[in-house]
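Everything on this sheet refers to the single structure shown next.
Side-chain atoms are counted along with the backbone in the values below, which use heavy atoms only and exclude waters and symmetry mates. Remember, predicted model here, so these are calculated numbers, not experimental data.
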Amino acid sequence: QVQLVESGGRLVQAGGSLRLTCTAEGRRFGEYAMGWFRQAPGKEREFVGAITWDGGYTFFANSVKGRFTISRDNAKNTVYLQMNSLKPEDTAVYYCAADNTPLGGWTIEEYNWWGQGTQVTVSS
């Protein structure tokens, strides 16, 4: 079992940067891939990016590739989503999720545990 808590969401201007943090409680955090998803009002939850268990590989949705990065610190049970060059269309509730396999995936169904989300609003 893994409990996840996201933080760092706030209002930011277009072109700005923001770093979200996801802190996990659970002894096996370092064995799990971690993903970030987002959900805008009236839209489906969508994949943003993910990182493998050891931080050795990350992959992203095309909509954020080149602007967002993910990193993790297994000693601190923490994963980060660094968001640069933010756009109004990045406005959403952002969720972190843990996959009980090491490599992660692209779909919601591949993740086992979810945080409660943090709101990111990008003003134009």
Side-chain angles (χ1 to χ4, degrees):
Q1 189 73 11
V2 178
Q3 286 82 45
L4 303 171
V5 178
E6 303 94 336
S7 61
R10 60 176 176 86
L11 174 65
V12 63
Q13 286 191 331
S17 296
L18 199 59
R19 189 177 79 162
L20 304 184
T21 300
C22 174
T23 302
E25 291 188 6
R27 290 180 295 173
R28 299 179 63 184
F29 173 80
E31 300 177 18
Y32 301 146
M34 297 296 296
W36 285 94
F37 290 76
R38 66 187 183 185
Q39 187 167 16
K43 295 189 175 181
E44 300 280 326
R45 191 171 298 190
E46 65 176 6
F47 175 78
V48 173
I51 187 167
T52 55
W53 67 280
D54 61 349
Y57 186 68
T58 56
F59 49 101
F60 297 91
N62 287 336
S63 58
V64 306
K65 196 176 296 182
R67 301 188 297 121
F68 291 12
T69 60
I70 297 175
S71 59
R72 67 189 295 163
D73 184 341
N74 286 346
K76 296 181 178 180
N77 275 22
T78 301
V79 63
Y80 306 97
L81 177 66
Q82 177 68 44
M83 304 185 291
N84 299 326
S85 302
L86 283 161
K87 305 174 181 180
E89 52 263 45
D90 294 317
T91 295
V93 177
Y94 282 72
Y95 299 89
C96 71
D99 177 357
N100 67 358
T101 68
L103 300 181
W106 298 83
T107 67
I108 292 171
E109 293 75 19
E110 295 175 88
Y111 291 83
N112 303 91
W113 301 285
W114 293 81
Q116 83 291 346
T118 186
Q119 176 70 48
V120 172
T121 303
V122 184
S123 64
S124 57

Evaluate Gln39 against Glu44 for side chain to side chain contact (heavy atoms under 4.5 Å, CB included), listing each step before the verdict. CA-CA 6 Å; Gln39 187 167 16; Glu44 300 280 326; 5.7 Å; no
Hey, could you give me each pair passing disulfide bond (SG atoms under 2.5 Å apart) that has a residue in [range]? Not counting sequence neighbours.
range: residues 56-94; answer: none
range: residues 38-89; answer: none
range: residues 24-57; answer: none

Apply side-chain hydrogen bond (donor to acceptor under 3.5 Å, both in side chains) to [X] and list each qualifying residue two or more places apart in sequence or on a separate chain.
X: Ser124; value: none
X: Thr58; value: none
X: Thr121; value: Gln119
X: Lys43; value: none

Does some side-chain heavy atom of Gln3 sit less than 4.5 Å from a side-chain heavy atom of Trp113? no
Just grab all the ring pair (Phe, Tyr, Trp, His ring centres under 6.0 Å) pairs involving residues 77-98, residues at least two apart or on different chains. none
Nearest non-hydrogen partners of [X] and [Y], listed with the distance:
X: Glu6; Y: Thr118; result: CB-CG2, 3.9 Å
X: Gly35; Y: Tyr111; result: N-CE2, 3.5 Å
X: Ala92; Y: Arg38; result: CB-CB, 3.8 Å

Run the salt bridge (Lys or Arg N to Asp or Glu O under 4.0 Å) test against Glu89 and tell me which residues pass, sequence neighbours left out. none
Here the salt bridge (Lys or Arg N to Asp or Glu O under 4.0 Å) pairs for residues 54-80, sequence neighbours left out, are Arg67-Asp90
Quick one: pull up CD in Gln116 and SG in Cys96 and give me the separation to the nearest 0.5 Å. 8.0 Å
Got a sec, which residues hit side chain to side chain contact (heavy atoms under 4.5 Å, CB included) with Ala33, two or more places apart in sequence or on another chain? Asp99
If you group Ile, Leu, Val, Met, Phe, Trp and Tyr by side-chain heavy-atom gaps below 4.5 Å, do [X] and [Y] land in one group?
X: Ile108; Y: Val93; answer: yes
X: Trp114; Y: Val120; answer: no
X: Ile51; Y: Val48; answer: yes
X: Phe37; Y: Trp106; answer: yes

Check the pair Phe68 / Trp36 against ring pair (Phe, Tyr, Trp, His ring centres under 6.0 Å), numbers first and verdict last. CA-CA 11 Å; Phe68 291 12; Trp36 285 94; 9.8 Å; no
Can you tell me if Thr91 uses its side chain to pair, donor with acceptor, with the backbone of Val122 under 3.5 Å? yes
Evaluate Met34 against Leu4 for side chain to side chain contact (heavy atoms under 4.5 Å, CB included), listing each step before the verdict. CA-CA 11 Å; Met34 297 296 296; Leu4 303 171; 3.9 Å; yes
Are Phe60 and Phe47 an aromatic pair by the rule of ring centers under 6.0 Å? no
Identify each donor-acceptor pair in which a side-chain atom of residues 8-32 lies under 3.5 Å from a protein atom, sequence neighbours left out, and give them as a table.
residue, atom, partner, partner atom, Å
Ser17, OG, Asn84, OD1, 2.9
Arg28, NE, Glu31, OE1, 2.9
Arg28, NH2, Glu31, OE1, 2.9

